[in-house]
Amino acid sequence: MLWLVSVVIIVVLWKYFTQKQNDLARLPGPPRLPILGCALTFMGLTQEKMFKKVIDLQNQYGNRVVLSAFGRYSLQIYNVEDIEIVLSHSRNITKSRPYQFMEPWLGAGLLISTGHKWHHRRKILTPTFHFDILKSFLKVFEEQSRSMVEELRKLNKESTDFIDVIPFISDYMLYIICETAMGIKLDSDKSETKIEYKRAILDIGSMVMKRLANIYLHSKLLFNLHPMSRRFAKSLEKLHSFTDNVIMERKKAYDSGDVVYVVNADNGGSKRRLALLDLLLEAERKGEIDLEGIREEVNTFMFEGHDTTATALAFGLMLLADHEEVQERIFEECKSLYGDSDSGTSMSDLGEMKYLEAVIKEILRLYPSVPFIGREIVEEFMLDDIKVQKGAEVVVHIYDVQRNADLYPEPEAFKPERFLEADSRHPYAFVPFSAGPRNCIGQRFAKMEMKCVLSEIVRNFSLEPMKRGARPTLKSDIVLRCVHPIYVRFIPR
Ligand code: HEM
């Protein structure tokens, strides 16, 4: 035991004394104690306080801020030039350590994996987001948007009260990802398991953030000894049992040849499989992936494919409710496309919704569903005269760069017009879907889905906020969340 303690002390001291050769040690940041660094800065903070602290870092220390603990450095970047260098790097594609806290849940699926495994999986999964496949999802987006409108009408008849939009939208986003990507219809599922699945995601998110804030919980050993690990295991069980059922149900249909196909008319009528899960099951048959791999991707896509869009839409409805003039412009745009008819939406209709496109960009600028992303540096690189060494972590602050007053005058104001003007902004000034090799694979899916939902809602309702001008208190989580519910009133047109 004594020798172990001695080795740890030597390693820590060695790291401490060699840090002087590390350029990152010269950069500003919260006060660093010997050895501990800034490990105590975030200790014990609530998710709300943690979000605020992270946002304050740039105001206090500038565009490059360094956090450190036990000889490890984490560089926080806020300016577009640095962000471009980091996100466009072809070899620094490894996610930073905090992503490992989600690994028991998501496995080494597309979001977390790296290297050869990530390349291989991205190659298998990319065709699932091909234009023809997305086109075939339109029907599902539309059906679910119409069900949403029906349910809102029903709720209105029962009471004229405000609706808590986050859980409402989140249900529908889960139905959509299950039907499009997994080939499973879930909308009639009122079961406890669906509710538990969503509750477990919130629980896991808050536990991941607690681990992040409390450095001693970074250690697997100490975490496993902590009472939180038992709560974590329980949530995991709920998450996995829900997704395992989805896989088993689709596998049964796939093995019996009972899967739905899309006919690709533009390609001589050849058939394409509908769901991402079918593609994975086919890859399993060819020996390209095993069942555990399928599980990793299903867990990844079920989460990424619904929670991100639900968050964006909930903030979006809040902003629309607060801006009547924006709702009216969307309504007019839809009217010019559809007139008074109730006809369905085509891909070209979606392409014509230029104003709504700008609205969606402005929603994602103010409330990017993924506010920060992190990389573990595996190949050193330069930021001007600063060498970022192998082993450092770099965190890209999407939320802050998109609220930078030099890039977006009146940054806090909701002004979709800024995205209608000729775009002279730096290409990395707007990165809600990240950019470069690890960009969001589902971004076109998400934009189509958001257009369908928002246009359908605005065609049918005028939205009103509970309190005009109110803005939510945000908190750190796996995706951007707010501390209190968001209430909106939907008044039939
Ligand atoms: C408004 C909606 C969405 C936003 C803002 C968003 C944002 C992002 C961001 C910022 C990343 C990079 C994460 C990182 O580097 O850590 C990402 C990755 C990813 N997203 Fe999305 N996303 C959205 C919707 C979706 C949807 C609908 C799906 C699936 C259908 C999806 C699946 C994924 C996956 C699998 C990755 C990992 C990709 C890779 O590393 O190869 N996302 N997303």
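Just so it is clear, the model here is predicted, and its values are computed rather than measured. All values below were derived from every heavy atom in this structure, side-chain atoms included, with hydrogens, water molecules and symmetry-related copies excluded. For ligands, and for the atoms within them, numbers begin at 1 and follow the listed sequence.
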Step-by-step side-chain contact (heavy atoms from CB on, under 4.5 Å) determination, K447 to L364: CA-CA 10 Å; K447 282 192 225 156; L364 290 170; 5.5 Å; no
Can you tell me if P368 contacts ligand 1 (heavy atom of the residue under 4.0 Å from the ligand)? no
What distance separates I360 CD1 from E449 CD, expressed to the nearest 0.5 Å? 10.5 Å
Write out all pairs satisfying salt bridge (charged side-chain N to carboxylate O under 4.0 Å, His left out) with one or both partners inside residues 91-112, taking only residues at least two apart or from two chains. R91-E379
With sequence neighbours left out, what residues match K49 under salt bridge (Lys or Arg N to Asp or Glu O under 4.0 Å)? none
Distance-only donor-acceptor check, side chains S434 and N439, under 3.5 Å: no
Identity and separation of the nearest protein heavy atom to atom 16 (O) of ligand 1: Y99 OH, 2.6 Å
Has I93 got any heavy atom lying under 4.0 angstrom from an atom of ligand 1? no
Ring centres of F141 and F445 under 6.0 Å apart? yes
Is it the case that ligand 1 has an N or O less than 3.5 angstrom from some N or O of T300? no
Taking both backbone and side-chain atoms of L110, is any N or O found less than 3.5 Å from an N or O belonging to ligand 1? yes
Atom 14 (C) of ligand 1: closest protein heavy atom, distance to 0.1 Å, is K95 NZ, 3.2 Å
Sorted by chain and residue number, the side-chain hydrogen bond (donor to acceptor under 3.5 Å, both in side chains) partners of E410 (sequence neighbours excluded) come out as K415
If only protein N, O or S atoms under 2.8 Å count, total around atom 21 (Fe) of ligand 1: 1
Atom 35 (C) of ligand 1: which of F445, F301, F372 has the nearest heavy atom? F301
I need the nearest protein heavy-atom contact for atom 10 (C) of ligand 1: residue, atom name and distance, please. P432 O, 3.3 Å
Any heavy atom of R375 sitting closer than 4.0 Å to ligand 1? yes
Among protein heavy atoms, which sits nearest to atom 13 (C) of ligand 1, and what does the distance come to when rounded to 0.1 Å? I373 CG2, 3.8 Å
Shortest protein heavy-atom distance from atom 38 (C) of ligand 1, along with the residue and atom involved: R122 NH1, 3.5 Å
Which of these passes side-chain contact (heavy atoms from CB on, under 4.5 Å) with C178: R250, M302, H306? M302
